[in-house]
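The block underneath contains the structure these notes are about, expressed in structure tokens.
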Amino acid sequence: MSRSRWVLRLACWALAAFSLPALSQPLVVGSKRFTESYILGEIVSQSVVVAGQDRVRLKSGLGNTGILLSALLSGEIDLYPEYTGTITREILKTEQALSLEQINERLAPLGLQAGVLLGFDNSYVLAMRREQAQELQIKTISDLTKHPRLVPGLSHEFIGRKDGWKGLSEAYQLGGMSPRGLDHGLAYEAIVAKQIDVVDAYGTDSKLKRYGLTILQDDRRFFPTYEALLLYRADVPTKFPESWKIIQTLENKISQGMMLDLNTRVEIEGQTFAAVAQQFLLQQKTDQAQGTSSGVNSSDGQRVSTLQSFSRTLFAPDFWRLGAQHIFLVLFSLLLALVVGLPLGIVCFYWPRTGQAVLSVIGVIQTIPSLALLAFLISLFGLIGTIPAIVALFLYALLPIVQSTHAGFSEISSSMRQAATALGLGFRLRLFLIELPLARTMILSGINVAAVTSVGTATIAAFVGAGGFGERIAQGLALNNTSMLLAGAIPSATLALLIQGGFYIFERRLATSRR
């Protein structure tokens with residue numbers, strides 16, 4: 001068997017080992033990409049582990065409702081924290097106020113169920129700076145119609161949701177306002193800096209209190225009830241009976257005030273999601289033993305100091321795991337792009353009409369926003385995680401490889417090809433012995449560009465559960481934590497520099513060997 005076939009086979013084995021679930025089939029818990037969902041995902045997964053059921057895996061920060069729903073339907077995850085209002089409006093596509101029994105009747109055909117009400121309601125709210133609201137005498141959402149020049153800074157998901165800006169602007173006649181799309185974690189900083197005037201938030205957001213924002217009264221009662229609960233695959237109770245019994249003990253254990261406290265300890269005190277969840281479970285265990293019920297004392301459990309050094313954040317225990325995932329995503333997608341892109345570049349040179357069409361298609365793919373491409377691939381494959389991430393990176397890496405191969409062949413003089421033909425070399429021998437070696441420098445430059453670009457683009461893969469240093473960037477955005485953002489961005493940038501340096505050394509050695 002040729003060496004290239006062995007390499008391809010080993011790569012396929014590596015992808016299978018990286019992507020396929022373990023034979024033990026652990027319970028997989030997912031969460032969305034905002035503070036509260038991170039915490040709830042940790043609470044659910046840790047509660048199972050603490051009780052001795054260690055066959056559980058947490059996939060946190062996967063993105064919005066659409067991505068989590070696709071992951072549930074495909075079996076990539078088994079459950080995740082959700083809200084009744086989101087289920088009725090976004091998943092069931094109804095404006096009706098449904099009971100939990102009615103929700104489950106409509107979820108049944110999808111193979112899903114909702115349950116384990118956690119004990120608090122987290123409806124959407126709109127908020128403003130207190131001094132501005134007082135100056136303009138704005139107390140309700142209806143009052144916003146008198147001030148169309150105010151600039152709302154809203155999360156992208158809220159702008160697109162029917163129970164978000166679309167429905168809200170119709171119900172309150174707010175069509176004259178022009179919202180700006182912002183990441184939810186950055187919106188608070190923007191409103192404090194007076195770059196925006198109105199922000200969407202959740203009722204348990206700790207930053208509402210931290211920044212002294214005024215919540216506008218929903219005087220037309222547009223926002224539905226958002227009771228926190230778990231959305232899960234219908235077979236979870238029978239597939240994981242012991243774990244499910246443990247999860248059910250969380251019902252009505254988290255009050256509105258307690259959830260606000262948990263969010264505060266992450267967003268303001270700087271504790272990690274895992275540490276806050278651990279403290280909550282320890283307190284619950286203590287309360288159960290004493291037969292009492294109380295809020296979580298922030299002095300209990302393990303506290304992560306807000307003055308924790310950056311080096312400790314950077315080289316946290318997940319550093320090597322995230323690094324291995326990041327490198328795998330880059331190298332495997334680059335290998336696929338090389339296997340496909342090199343022949344395509346040759347085709348583009350020898351068959352110009354076909355090549356023009358190929359370059360046009362690849363160029364159009366390059367313009368597709370990465371999150372949009374990932375969302376499409378998730379729908380196409382019915383999967384989240386490594387496979388759609390690698391396919392997206394592969395597609396983005398194609399263009400520089402195809403273009404550099406085409407350019408490298410174009411620079412070979414016609415006299416060189418004629419000389420090869422005069423020597424009796426056929427097309428295949430001329431290709432491998434003459435043209436590819438002559439075009440090698442240009443091709444390597446394209447591979448270098450593709451590799452460096454892939455390192456940066458691979459950070460987006462974390463938003464679909466593929467891991468890598470993008471996990472830290474996603475958490476940093478959710479918390480507006482610069483230290484966490486840098487802990488993800490710096491290793492990624494360093495990896496890109498190392499790859500670029502490696503290509504430089506390799507090209508220098510090639511140039512030296514030819515002398």
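Just so you know, these numbers come straight off a predicted model, no measurement behind them.
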Audit row: Leu314, Arg472, side chain to side chain contact (heavy atoms under 4.5 Å, CB included) steps and yes/no:
CA-CA 9 Å; Leu314 179 62; Arg472 291 179 172 181; 4.0 Å; yes
Where do Asn64 and Ile67 land on the side chain to side chain contact (heavy atoms under 4.5 Å, CB included) test, with the steps shown first?
CA-CA 6 Å; Asn64 59 17; Ile67 292 177; 3.6 Å; yes
I'd like to know whether Leu230 forms a side chain to side chain contact (heavy atoms under 4.5 Å, CB included) with Ile247, so could you lay out the CA-CA distance, the side-chain angles of the two residues, the decisive distance to 0.1 Å, and finally the verdict.
CA-CA 10 Å; Leu230 300 180; Ile247 291 171; 3.3 Å; yes
Stepwise side chain to side chain contact (heavy atoms under 4.5 Å, CB included) check, Ser243 with Arg55:
CA-CA 9 Å; Ser243 297; Arg55 290 169 49 223; over 6 Å; no
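Listed here is the closest heavy atom pair of Ala372 and Ile368: CB-CG2, 4.3 Å. Of all the heavy atoms in Leu231 and Glu82, the pair that sits closest is CB-CB, 4.0 Å. Closest approach of Ser333 to Leu329, counting heavy atoms only: OG-O, 2.7 Å. Counting all heavy atoms, side chain and backbone alike, Cys348 lies closest to Leu359 at SG-CG, 4.0 Å. Across every non-hydrogen atom of Ala234 and Gln113, the tightest pair is CB-CG, 4.1 Å. Heavy-atom minimum distance, Ala451 versus Val330: O-CG1, 4.1 Å.
Separation of atoms CZ (Phe328) and CD1 (Ile390) is listed at 4.5 Å; rounding is to 0.5 Å. Separation of atoms CD1 (Ile159) and CG (Leu168) is listed at 12.0 Å; rounding is to 0.5 Å. Note that OG1 of Thr86 is 4.5 Å distant from NZ of Lys32, once rounded to the nearest 0.5 Å. If you take CG on Leu393 and CG on Leu331, they are separated by 11.0 Å, rounding to the nearest 0.5 Å. Atom CD1 of Ile401 sits about 10.5 Å away from atom OG of Ser445, to the nearest 0.5 Å. To the nearest 0.5 angstrom, Phe34 atom CZ is 10.5 Å from Glu267 atom CD.
Checking side-chain atoms of Ser410 against main-chain N and O of His406 turns up a donor-acceptor pair under 3.5 Å. Checked by atom type and distance alone, the side chain of Thr386 never pairs as donor or acceptor with a backbone atom of Ala466 at under 3.5 Å. Here the side chain of Asp235 pairs no donor or acceptor atom with the backbone of Thr238 at under 3.5 angstrom. Side-chain N or O atoms of Thr459 include one that pairs as donor or acceptor with a backbone N or O of Gly456 at under 3.5 Å. Between the Lys93 side chain and the Glu90 main chain, a donor and an acceptor come within less than 3.5 Å of each other. Within the 3.5 Å criterion, the main-chain N or O of Gly488 finds no donor-acceptor partner in the side chain of Ser492. Using a distance-only test at 3.5 Å, with no hydrogens or angles considered, no donor-acceptor pair links the side chain of Gln500 to the main chain of Val452.
Counting only heavy atoms from C-beta outward, the side chains of Leu112 and Leu69 approach each other to under 4.5 Å. Residues Tyr396 and Ser454 are not in side-chain contact: their nearest non-hydrogen atoms beyond the backbone lie 4.5 Å or more apart. The closest side-chain heavy-atom distance from Ile346 to Glu435 is not below 4.5 Å. A 4.5 Å side-chain heavy-atom check between Asn448 and Leu444 finds every atom pair outside the cut-off. Here the side chains of Arg233 and Lys239 are not in contact, with every heavy-atom distance at 4.5 Å or above. Taking 4.5 Å as the limit, every side-chain heavy atom of Met177 sits out of range of all side-chain heavy atoms of Tyr172. Contact check for Pro237 versus Tyr232: side-chain heavy atoms found under the 4.5 Å cut-off. The shortest side-chain heavy-atom distance between Phe158 and Leu182 does not fall under the 4.5 Å cut-off.
In this pair, Phe273 and Tyr38 present their aromatic rings parallel. The plane angle is below 30°, not in the 30 to 60° band. The aromatic rings of Tyr350 and Phe427 lie perpendicular to each other, with more than 60° between the two planes, well past the 30° mark. Using the six-membered ring where Trp is involved, Phe223 and Tyr124 have ring planes that are tilted, between 30° and 60° apart.
Judged by a 6.0 Å distance limit and a 45° cone about the ring axis, Arg440 is not positioned over the six-membered ring of Phe506.
Salt-bridge annotation for Arg149 and Asp197: absent, with no side-chain N of the basic residue lying under 4.0 Å from a carboxylate O of the acidic one.
For the residue pair Asp200 / Ser155, a side-chain donor-acceptor distance below 3.5 Å is found, with atom types taken as modelled.
Atom CZ of Arg180 sits in a sparse spot, with 12 or fewer heavy atoms from other residues, nucleotides or ligands closer than 6.0 Å.
Note: Phe319 and Phe469 meet the aromatic proximity criterion, with ring centroids under 6.0 Å apart. Not less than 6.0 angstrom separates the ring centroid of Tyr202 from the ring centroid of Tyr226.
Tested against Ile77 for a side-chain contact (heavy atoms from CB on, under 4.5 Å), the candidates Leu58, Leu68, Leu27, Val29 yield a single pass: Leu68.
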